[in-house]
Every structure is written in C-alpha cells, then in structure tokens.
Amino acid sequence: MEYSELQVTSNFSFLRGASHANELVDQAEAFGYKKIAITDHNTLAGIVRAHVACREKNISLIPACRLDLLDGPSLLAYPTNIEAYGRLSALLTQGNMRAEKGSCHISRADVYAHAKGMIFTAIMPETLNRKFQFEDSFIGAIAQYREAFGHQLYLSASRTYLGNDDKLIFRISQLSDRFNVPVVATGNIHYHDPSRRELQDVLTCVREKCTVQEAGFRLHQNAERYLKPVAEMHRLFRKYPEAIENTLRISEACNFSLDELKYVYPQEINQSGRSPLEELEHLTWRGAHDFYGEVIPDKVVNMVIHEMNFVKQMDYANYFLFVEDIVREARSRGILCQGRGSAANSAICFCLGITSVNPMKFDLLFERFISPARNEPPDIDVDFEHERREEIIQYIYTKYGRDRAAIVATVTQQHQKGAIRDVGKAMGLSVDTINRLSGSLWEHTDEWFEGKRITEQGLNPEDPHLKKTLELTAQMMGFPRQLGQHTGGFVVTNGKLTDLCPILNARMEDRTNIEWNKDDIDALGFLKVDVLALGMLTCIRKAFDLCRDHYGLNLTLANIPQDDPEVYKMISAADTLGVFQIESRAQMSMLPRLRPECFYDLVIEVAIVRPGPIQGDMVHPYLRRRNGEEPIVYPSQELEEILGRTLGVPLFQEQAMKIAIVAAGFTPAEADGLRRSMATFKFKGLVNQYEQKLIDGMVNKGYTVEFAKRIFKQLEGFGSYGFPESHAASFALLVYVSCWLKHYYPDVFSTALLNSMPMGFYQPAQIVIDAQKHTVQVREVDVNYSSWNNLLEEKSGKYHAIRLGFRQIKGIREDEMEILVAGRGDHYHSITGLRDAGVSMATLERLADADAFRSMSLDRRKALWEVSALQDMPAEIFKGQPSESVLETQVELPLMSKGEHVVQDYASVGLSLKAHPVSFVRDQLDMLRILSCRGINNEAMNGQLVKVAGLVLVRQRPGTAGGVCFITIEDETGFSNLVVFEKLFEKYRKEILHARLLMVEGRLQREKEVVHVIVTKCMDLTKMLGKLMQREADDLPILTLSRADEKSAPYPAQDKRSQVREDGTKSANNVFHGGRNFK
Amino acid sequence: MQKRFVSIWFRQLLADWQLIRRPELAVVPFVFTAPDHGRLLITAVSPLARDFGVELGMRSADAKAICPNLEVLDDKPGRPLKLLRGLGEWCVRYAPIVAIDQFAKDGLLLDVSGCAHLWGGEREYLKEIVSRLKSKGYTTRVAIADTAGAAWAVSRYGKITPLIPEGGHTEALLSLVPEALRLDEPVLAKLRKLGFHQIKSFIGMPRSVLRRRFGEHFLSQLAKALGTEEEVIQPLQVPIPFQERLPCLEPIKTRTGIEIAIARMLESLCKRLQAEGKGLRTGVLTGYRIDGKIVHISIGTSGASHSVSHLFKLFQLKIEQIRPALGIELFILDVPRVDEVEVPQESMWTAKPGLDNQSVIRLLDRVAGKVGFDVIHRYLPATRYWPERSLRSAVSVTEKPTTDWRMDKPRPTELLRRPDPIEVMALIPDHPPKFFIYKGVQHFVVKADGPERIEREWWLDKGEHRDYYQVEDEKGHRYWLFRSGHYGGEQKYQWFIHGFFA
C-alpha cells in the first residue's frame, strides 16, 4: 500500500500552515510515505527546509507550489524536471515583481505560458451550489485548463468531513469522465498532527485580525487537515482506488530534486583568459609582492602554497576572485573595507587585500575555518563604511544585472514577544494582560513558561485559558512570519537567478531579494557574499582623510605600524573611550586585568567579554591562568591541540564546536546542527537532547561531568552570541587601528568619531571631554568658523584644535548650513547678514540657542533677542532698509549665569565646553561629603564606605549577570562604575531609572586599577541640577499665607512642593541625556 | 458692578474621578494613557504614582520600569471635558455663568459677580466651594479676582493668597511665572531662554517691542489677565432632565385619579420627548404619600417610544401595584433611560408586516407586561459551528441578524436543547446507523448522509468531536443524529439524537 501526499501547506504559507516543513516530513516518513510534495501558496520559500529535512531519510521531496490565480481556480503545480522548475520559479518571479511585497499576481495566461514540463492539479471547491452542482465558472475553467494542459492536468479530491464529501467527490468523478481528466486524491494538509488545529485556528485569527471567540466560520470546522496514515487514505478513497494510484503516478513523474540545482559562478569574475586558479595565483603573488616587496617571507610563501592547494582541492578559486573583485572596486572608489568570516584571515585574502590581518602576525591553520566535510563554499563577509555601502550594492547589481544578482531573504521568525502578542490577541486576552505577559519577558529565560515570572505579574498560571495561551505561544515560536531582506547577503549566478529561485520586491526601493535565506543557500551550496556596513570603518576612513590633510600621512589599514608598545600601554590603562569594540564598561574593566601586549591578546579580548564565555564561566579561569595564578593544565592531549592557544580555556566558537566533535564524538554536521538549533531560538526539547548526547559522549571519553556541563553551557551561549576566532581577529585589527589613531592623533580620532555619529557607546559630550583630557583643544560652534562637520583648525599645543560643527546642534539641517557657509564670505558681522543669506528664522533661533554668535559678541540671550526681532525685517523691495528694531529702545536683558549657560548648552548641543554641570553643585556635594569620581578612583581605599554622585551615562543589565545592574556615572573629574545587585535594584528602581544626577552610597571595591562601588543606597539628586535654571530667587515674595488664610485653608493640605506647578526642574530634567540603557 | 471671577483648578481630575469610582485604587499607583504615534503616553497620574516619579507625558513602558506595579488605565478622548461638564453643571449652584477652562481643559471659570455675599463673603464662598468639592472627592485650587485671566493665574501659580482684592490683580500677577498668562509652549520657551522668569520682567516693556518678538496673541493674553481686554467666556448650557412633577391639591387615592395624573404627566413629557427626537426606554413613577412613604412603579419598552397612549397602557398594567393608603400628594415621573427614536417613514398604504411593524412591538410590550419578558424568545443565527451555539437570543425585537441563516448545510428545524442518547447499530468506523432506538421505538434507517464532523470550540470546552448524520427512517421521518467520539477512541463513544427535520 502506497500513497504520496501532494497538497501540503507548510508554515511558509504565512498564517495558514501550522507545521514546520520538517515536522511534516518526519511525520510522513513515520507513516511510510516515499514522497511528499510541499505546496505553499505562491511561494517556494519553504521547500529548501523540507528538502534538507528529507536528506538522509527514506523519503524524498517534490518541490511544488500552489498557484492562487487572479482569474481562476487554484492549481497545484509539480515540475517534472529542472527546466520546468526554472519555469515555475520564473512564473512566481513574474507574479511577485508586478505586485507589492507580500503578494503575487498570476493569471491563467501566465500559467499557460510557463506550463511545459509541469503537472497540474486543479483544486476541488469546498462546496456545491443549491443544485448540488459545481458552479459553472469552475466547470468552464476545467474545460479551459484541459485544453491548455492536456494530459498534464489532474483534478484533486479531498475528504475533509464537511458532510458533503461523497457528493463532492462524485461530482468530481463525473467531471473527470466528462473532460477525461484523471482524479487524484489529496489531503489538503495544513498540519502534521490533528492537535495543531488549535494553533491553526489562532493563526487564522491573526490573519483575520479577530479573536478566536468571534472568528466563527472563518475557522475550519474540524481538525481533518492533518497528515493521515497511508491505510486511512486508502480507506477514505476505497471507492476511487485510481485516485490513490494517480498520486503515485504524479510522484513518479516528478523526479526533480533540488540537488540538481548546480551553482555556476558568473563568468565575469574571471575574464583574464587564465583558469580561475591561475588567475587567483597571479593576483595573490602580485599582491604579495606589492606588500612585501621583492622578497616575500618564507612563512607567507609556504602559507600561500598550502592554502592554494586547499583551494584547488575544493575548487574555491572563483569564490576568492569574486570577493576580490568587490574589494578592488571599493578600493578604487576610496571606500574602506575589511573582510571577516571563516576564510577571510588567510594569507591569500591578505595578499588580495580582502583583509588587513597580516598572516605574519597571526598563524592560524586555514582549514581550521573551513570544514572540508561540509562541502560548502567558504564564508567571507566584507564590512564597508556604513555611509557608502549602498554604492557597492548598486555596483553589484549593475555589474551582474538584476536577474542574476539579488539579496538573500531573512525569514523573520516569531519570537517570544511577538508570539505572545499574536496568540494573546487571538485568545481575546486584554491588552493589559498581554502587556503584562510580554512585560514579564524582560529577561529571556525558560522559567517564563514554568509560571514563575507570570505569578510575579499577578496573573494566575493555573488559569486554563492562560495556560492554553502559553502552550500555543510555545508552539508558535519559531514560525516564519515574513520574508525580509538580509542586511547584505548577495547571491550572484551565471545564468538567470530565476532558474534557481523566485525573486521578489524588497520593501526598500531599488532592491530585490530571493525567497530563500542564507541557511537555504548554504544547504544548496550557492555562493554568497555578505556586503555589510560597519560604522567604525567610516570613522577610520574619515580619520585617515584628516591625517592626510592635517598631518600629511597616507595611512591604510595595512600600513599602520604594528605592535606598538605605546598603544598597548594605553589599552592596558583602559583609556579606550570611543575605540572599536573594547570601549564598553565591561571591556574597560577587563583591560587592566588582561593587559594585552600583542595582537593575539586583542583577539582574545574581543572574544572574551561576550555572553558565551561569561555564561560558561570561562573568563576568570583564563585570567587566573594568564596571570600565573593557576597552572595551565589540559583535560587531555586531544584538547591541548584545540585549546593550547587560549591556555586551556575555550573562548572561541570554533573551539567549543571542535570539542563537541573531538571530545564528544559529534559529527561536524551534528555540531553545526547543535549550534544552529540554539542560534535560531531555543527548541527546548532538541537542546536537551543535544546536551545529553554531549555530556554522555564526553563522559564516555573520560572527561568529568562537570567539565562537560561547562562546555555545554558555553556552547549554549555561543549559539546566540558566539564569536568565532576569525571574526575576532578581523575585529581586533580594527581595534588596534582605532587605538593607534586615538593614541597618536586624539584630535583626528575624536573629530572623525564625532563626524560618524551615531555609533558606539558614548555621547558626543563624553567624546569631547575625553579629547580635552588628551590636551586637545575643543572650540565651540560658531556661525563664523564652523561648518556642518566638525573640523580641525590650526595647531594649538601638540594637536590641532577641534572646531565643533553644526551637526552637533539639535534640529539643524545640513542643506541650510551649506547656505550659511556659502553666504559667509569673509565674515558675518550681524545676524541680519545671516538672514539675508537665506537662513530661516527657526534655524537662527536654534543657532542662538546653541550660543553660536559669540564671534559677534552676542551671547545666546542677546542673540535670541535680536533674532526674534527679525520677524518683521524689511523684505523684498525694502530689503536693506534698517529694521524697526534698530530704532527701538534698548532693553536690559536679565544676566545669564554660567550654570544657566551650561544647561542651555546641553539642551541645544548635548555638551558644554564652559563647564561640567556637576561642577556647579560641587560645593553642595562637598557639604554632603560626597566624593568626586577622581576621589573615588584615586584616593579612596578598598572597602571604604563612600558616597559619589554624577550624571548617569549608561545603565546596563546584561542577561548574563543575574539581574545585576552596572551603572556608569560622570562628573567633572571623571567616571565611576557602580554595581547594583538585584534586590537593591528593585528597591531603588525609581532612582536608578529616573535620575539624571544620581548619588549613591556604597562600598568601594578596588582590584588593581579597576574600581567599583558596590551600591547600598541610591538617591535622585536631579533637583539640584534644576536649580541651575532657577529664576532669580532674591525678590520673590515671601512664601506665607496670612494667618487668616492659613485657618481658612482654601488650599487643601498638600506638601508644598506639589502645590505649585514646577517648571524649573522640569526643563532641567529633560535637558540632560537620560543615559543609555542596555540589556 | 465690579466683575469678579473664580477659577477652579482640578489638579488631578481624572485620578480623583477614578478614585471616587474605585476607592480600592487609593493604595495602587495608577495612570491613564492614550496612544500617540504608536506609543502609549501618560495623560493623567495618580498622586501615588507621582510619588514614584511618574510624570505626565512619559511613555507608559518607562513609567512601568520605575514603578512596576503601576496600574495602566485607558484614557478615553474627551473624558476630561465630559467630567468638567458634569462638575460645571453642579457648580451652577454657585454662579449662573459657569464655563469650562478652554485653555488647559482641567478647570472651570465662574463669573461670580454679585454672588459671593450670599455665602457671607468671598472667603466663605471659596471655602464652601473647596470643601464641597473636596467632600465629593476632588482636589482643587481656587482663586478669585477681577479678571478671569488673573483668577486662572493665581489658582494655578499663586503662592500667597487666593483672594485677590478688587483692583489688586495687576500686582498679584507681577511675581508670577509667564506660564500664568496661558501662553503656548513655543512662546514660553522663548521667554524662559531670554530669562524672563516673572511677568514683571517684561510687563513694563513697550508693546511694540513685545509684539515684534512674541506676537499679537501674547499681548492679547496679557491684556486679558490685566483686564484691559475683555474676555468672553462661554457659559455651559445645563440640560434639564426628563422629569415631570405633579403636585396634587388634594391627596389622590383612587385608580382614576392616578390614571389622570399619569396621563397629564405623559402628555407634557411626550411632547418634550418628541421635540427632542427621543423616546422612553424606562420610566419610573414615584408617588409621595402624605404619610411620608414613597411608592414606585416602573415600565420598560422594547424600543424607544414617545406615544402617550402606548406608554399609558404600560403604566395601566402596573397601577394596581400602587398602594395610595391615605393619599398621594406629589407625583414625579422620571425617565432615566431614553433613546433616539427612528422616525418611521409614513407609508402610503399599509404598514409593513413583521417586526418592523410598530403594532407588533406594542403588542409584545403589553404581553410582556403581563407575563414577563423572560418567556418570550427570539433567535438569530450566530456564526459558529457547534450546533448548540449556532444560534443566539436576540436582545431586542428590532435587532437585525448580522448573518444569514446557513443554507449550505442541512440543519434541523427543531433542535433539541440537550441531545438525547440513543441506541444505534452502525458499521465502524464512520458509516451511518442501520437502525436506532429512540424512546423505546426502533427506527430503521433507509437513507442517510454524512458524516459531517464538527469539533469542539477548544477555547471553551474540552471533549470529543461529533460526527453528524442526517437519516431518514422507513416512515420518511428525518432525524439529525450524531456519534460523539470515535470508535476505539480514548473516550467512550456515544450516539445521540439532536434534532428533527420537518
């Protein structure tokens, strides 16, 4: 007994199918099916997953599609060979391109034009009309289909227990006789198991935007759309055995497999006339000579030869040539780029200029990055300057054409938050309850489903409705929700891309992407290059430009002097504000402990402060070993080979994976599967399964359970936040370059950083303060000296002075500032001049707010007074006439205190060069015995009870720290780092999250140069800053009610503060940056 | 006569209102939020929440971060105005002209010229207002001055006394912040930036200088506060409730007397209802007896009505419930619930039959008046598969079905409220019965259709699905039978009869 299921809707028919492709395939295999088709609605997005699920199983996939037409009954289309598959893909592309993203418009005529080699099945309607007949339009359509498709056409018959099955199938068989179209049985499958009906109902509700209570007939009446055992299908169609036989006839005719899709590199890659390998060798050696001169070091020669053999063996030459082409193009346009990824840190890539990590400094075995077992192309991601990446993208489109180059898709998956929202809404929960449920997801843990978090939210986890909601949420998580555009993964082919996969319009203009995501592409072995954007590259390029203009240096990523001990000294002192990667609080506190001395130390530094190693508790053992406080031992000989570079502590993703392979006996594919299963999202069952396998495997080989558990935990962390060594190495190079710039040219570095904002952890205020600390002079924005970008002016002391640009002022537009600069000529002498140049009133006010008229001897208040009088300035024919305001009597404006100026500076520019806001309240702080940050960092003793106050810069509550909150505060003397434990956080939640000026009391903890305050008490002192803005208090009337008034008390008793609307503090509150919050 | 104005500022209008409705919230910090560009912004804060640092205009998510047990309530647009309208109507007792503060929409302005002496002076007058509002649950600040603008300013920003004597308002304004002049935020921001923190810092400047910089509106607001420009306030229109009073010269004891009283009151009431396009849904007749007791009767209608004869008939049915005892000296007819009346188009020939016919409704009202509304049922189709829930009771006679009755599936004309178990002989797994025994009678099935499988509404109840069959016995009677569950399923299967086809 055999049967093939030919009508299956997977969850890639968004909000229709309620099972993953692999669930359907697994179930079908269990029932003994030999073949199964996946027929999603107008898409092929899910077939690669189904195909992968079929691998290594005794079942094969028929890639197919359900065509929902604009003008006819829906058809199932099964391509019988690769050409027909190409036509199907082209048909869908055509439909996609003429519709908006998310829909596909196909008509009958389109199908007829692409029909060759395809088998079609017309889908049976679900109902008959009042005369127990099919509608005439359906019968007419079948007649036409029959004519167009001939013997390629079938009619589907399904039994879904709607009460009219017998009648419907009888009519279908009549129709079959009339037009000589064979009947084929299908199950119209929407899920692999009847229990998924509930989820499918919920999906329907999400689609129809209603609740399950009000969905009514929009739901299916029963759960019969599940995959049925072969025998059951035979029973259901016992009267029509030929319908079952026909499923086999179709499935036998459809022998096309996705494995037949062979990737062919585009011809344009290599037009030299040489073979790809020869060309690659040619370019590599030429590049090597360019860098090393006549004599290439032996080491490099050997590496290149070794790698070339590997490339030859794996036939990867074209891939390297392709990347080289993009990089060469970027270089010719002066766009900075840097490769990373599994193959990027090879000698070949260095010689080709794809990466600047010098192989002399860094010896890694090439094969380490590429597993020959998995025959898939190496992975190189190239980062470009974020402001100019689009140029490269358009270059690729232009060079290869839109029918041959496209961006891969990203499948947006349902995550917990989205799933709970969708399911909650469909289940009819109140908005409030949904908010609470998703609010309890602040920390992403498994406990959530176990009810603990939910109880905390005041909901009853035992409530059956709520339980059902959570259960369905768990099922829905991981469902694909929509196809998006990958950030920059490109697929380029030699032939038409549509022969391989349908293309669709991306939401962004001028972009097209394919339906498959990067895992699908990997699975089929297609070439893919990630063209990514990196802000730090923009910053570095701008810094290089400034160095050229002001210091006459011609710098590149590769020619920066390497291994400069001065630079490492700076890094060890954690003077790394603003540089790449190692600028975060956690990194900064790690630096003095790690004391990097060479490039590889930086690689480790980049990788070590990440959730993976932290969760796996790998950081401290590494530190202890490095500082010689703990002997370096290896659990076994085989692990010494893997862990030797990192002193026996696994820190990189590759190491963790290798351990799984070497020590637990995983196959490389299994190890990869494990990583992926955890990366995408947590399939709890699956992860547990792997955990057991890993631990058992390792224990069998003689490792301790404890070690095995630790390895697993780390692997778990790597899953989502892993850092492979090769990536770390590429990043480490940028770390080094940015540190080098910061050390030798802090003026250049700060300017470039400010001009590349927003990026990194810090606000312009901190960057400017840091520059000043390095004796760089910073000058304020001025209408007569500034331009849009921050500039370097003449030297003042050791460095050039930085002139802040208009881009720092809030709410100012670049084009208007170009007008201002163009009209400046020699100098502006009056505000009227700016107005005449064409600067708008609103902008003039903003410039006045920014105190940018100092060169005209106007402070912000006077400037604003003058600006606001320009409203009735003589225009048109009266232009040039004196304004009426010239004639008006002089008005004495209230004098502005320095404190007020600083507050205004912060409000407008986000920083002040006049003073630090905290300096104005220093006297008051002193009286309260509050120490300055300098005092904390330099003078206070370990264990001392201290008080410190400052502006809150960053609040961090990483998921890895068990609810601990890290806060950085700043005053006029520097930074302090605070640690707040969970209990205290709950207690002082308001102060911590609300205060701009935060005062804490706590115990000082000093470990070498790293100083922390373990907080015991918090206080919100923001009101103090408010006083900077307070009105002149001297002549305010005295705040007393007369006796009589006190008795009559028309004001109800309230505390005085809330009696009057407060304005002063309110505005100050909003002026200072609220600090950044990170999870 | 010197004009005098009172400004009442409800400092936490929505919060107070909520606390009056739900006193249990006194110990819970809560806020009201309204969506704004996809975010939920806080529009009102309870005093407790304010202590946590929650402020107006904050995002609800941020507020929840600093105050985790914050109760977030939905603000309905226009609710403050509705509340103020109610409070304003109540304040008419203090002054004839009451207006809603249209600037901040969180207070009232009263023109109290010549009113205060009735309460024994302005101080007592204000005290009365504050304490009465306080006892209602509202926290307020009030002030009295010569101009509405000055009263507004002092009620919100004053620090010394709420009693601004005649002619003293200019001086009272001098030390207040510019916000007290009811200005828009851009102008205020400019004033702040220029360092004008008090009204006196610019009040002396030439008008032309001020006009050029701050605009005409600024000058006008200033003038209104100072009284050099008159402010027109828009008084509230206080609606009169639908109520009729009939004091009787002599106590009424007889049925006829009561009927006459009802008829008289209905006549003038219905005239008013008709004029305003309204109709009665519920009516309460209250009789005040001379022995001090009060008696009530009430009526309800299926649809809004202002027909005297119809309403009269409804009252007639209830008259015997009135015990006049020694006599009734005052009748009051209240209409707590009215609805808009749809004026039916006059039809030329005959009224339409069926439920649109007014006489059917009147008949139903009268029948229901006798036997009660709960024995008359009307069913409408519901869009649900589960047979017991595929129909629902109509709320009113005139309610229109939202969907058509299903015609595509066979459904019996009589559906049993509860399916009755039957004994059946049928082939497994899903064949229709060969025969079945219902109430001791054996029926042989000669024709059958099915099965139609209907699953439970899983979000409501657990249990087995049903396979329905439509069967015909040898006599030609048709039945709707079903089997609950599968043969050999986990739960025991069971056959039932659920309905009869005609």
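Heavy atoms only: backbone and side chains are in, while hydrogens, waters and symmetry mates are out. None of these values were measured; they are calculated from a predicted model.
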If you draw a 6.0 Å radius around [atom1] in [X], do more than 12 non-hydrogen atoms from other residues or ligands fall strictly inside?
{"X": "B/Asp404", "atom1": "CG", "result": "no"}
{"X": "B/Glu171", "atom1": "CD", "result": "no"}
{"X": "B/Tyr487", "atom1": "OH", "result": "yes"}
{"X": "A/Lys862", "atom1": "NZ", "result": "no"}
{"X": "A/Phe170", "atom1": "CZ", "result": "no"}

Can you tell me how far [atom2] of [Y] sits from [atom1] of [X], rounded to the nearest 0.5 angstrom?
{"X": "B/Arg384", "Y": "A/Gln221", "atom1": "CZ", "atom2": "CD", "value": "14.0 Å"}
{"X": "A/Met896", "Y": "B/Leu194", "atom1": "CE", "atom2": "CG", "value": "9.0 Å"}
{"X": "A/Glu198", "Y": "B/Glu455", "atom1": "CD", "atom2": "CD", "value": "9.5 Å"}
{"X": "A/Asn222", "Y": "B/Ile454", "atom1": "CG", "atom2": "CD1", "value": "8.5 Å"}
{"X": "B/Asp430", "Y": "A/Tyr161", "atom1": "CG", "atom2": "OH", "value": "3.5 Å"}
{"X": "B/Glu457", "Y": "A/Leu219", "atom1": "CD", "atom2": "CG", "value": "8.5 Å"}

Do you know which of B/Asp408, B/Asn69, B/Asp449, B/Ile129 has the most heavy-atom pairs with chain A at a distance under 4.5 angstrom?
->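 Among the listed options, the one with the most contacts to chain A is B/Asp449.
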Can you tell which of B/Arg389, B/Met205, B/Arg406 has the highest number of heavy-atom pairs within less than 4.5 Å of chain A?
->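 When all of B/Arg389, B/Met205, B/Arg406 are compared, B/Arg406 has the most.
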Among [options], which residue forms the greatest number of heavy-atom pairs with chain B at distances under 4.5 Å?
{"options": "A/Glu845, A/Lys167, A/Arg197, A/His220", "value": "A/Arg197"}
{"options": "A/Asp849, A/Asn164, A/Asp165", "value": "A/Asp849"}
{"options": "A/Gln213, A/Glu991, A/Arg235, A/Arg860", "value": "A/Arg235"}

Residues in side-chain contact (heavy atoms from CB on, under 4.5 Å) with A/Ala231, at least two apart?
->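 Per chain and number, A/Ala231 pairs via side-chain contact (heavy atoms from CB on, under 4.5 Å) with A/Met1.
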Residues that B/Met58 engages under side-chain contact (heavy atoms from CB on, under 4.5 Å), provided they are two or more places apart |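 Expected list: A/His994, B/Ile42, B/Val54, B/Ala63, B/Ile66.
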Would A/Gln904 and B/Lys193 satisfy side-chain contact (heavy atoms from CB on, under 4.5 Å), going step by step from the backbone distance to the final call?
-> CA-CA 8 Å; A/Gln904 286 291 338; B/Lys193 282 189 232 159; 3.9 Å; yes
Structural part of A/Arg130 lying under 4.5 Å from a heavy atom of chain B =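 Just the side chain, heavy atoms under 4.5 Å.
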Is chain B contacted by the side chain of A/Glu224, its backbone, both, or neither, given a heavy-atom distance below 4.5 Å?
->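 For A/Glu224, the contact with chain B is made by the side chain alone.
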Can you name the nearest heavy-atom pair linking B/Gly195 to A/Arg861, along with the distance?
->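 Smallest interatomic distance, heavy atoms only, reads CA-NH2, 3.0 Å.
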Quick one: closest heavy-atom pair of B/Lys190 and A/Ser868, and the distance?
->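 The pair with the smallest heavy-atom distance is NZ-CB, 3.4 Å.
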Given A/Leu162 and B/Lys409, is the side-chain contact (heavy atoms from CB on, under 4.5 Å) satisfied, shown in steps?
-> CA-CA 9 Å; A/Leu162 292 177; B/Lys409 299 266 165 85; 4.1 Å; yes
Identify which part of B/Ala382 has an atom lying under 4.5 Å from any heavy atom of chain A, answering side chain, backbone, both or neither.
->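 Backbone of B/Ala382 only, per the 4.5 Å heavy-atom cut-off to chain A.
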Indicate the ring-plane relationship of A/Trp865 and B/Phe196, choosing parallel, tilted or perpendicular according to the 30° and 60° boundaries.
->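 Plane angle over 60°, so perpendicular.
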Take B/Trp459 and A/Thr211, measure what side-chain contact (heavy atoms from CB on, under 4.5 Å) needs, and give me the verdict at the end.
-> CA-CA 11 Å; B/Trp459 56 96; A/Thr211 67; over 6 Å; no
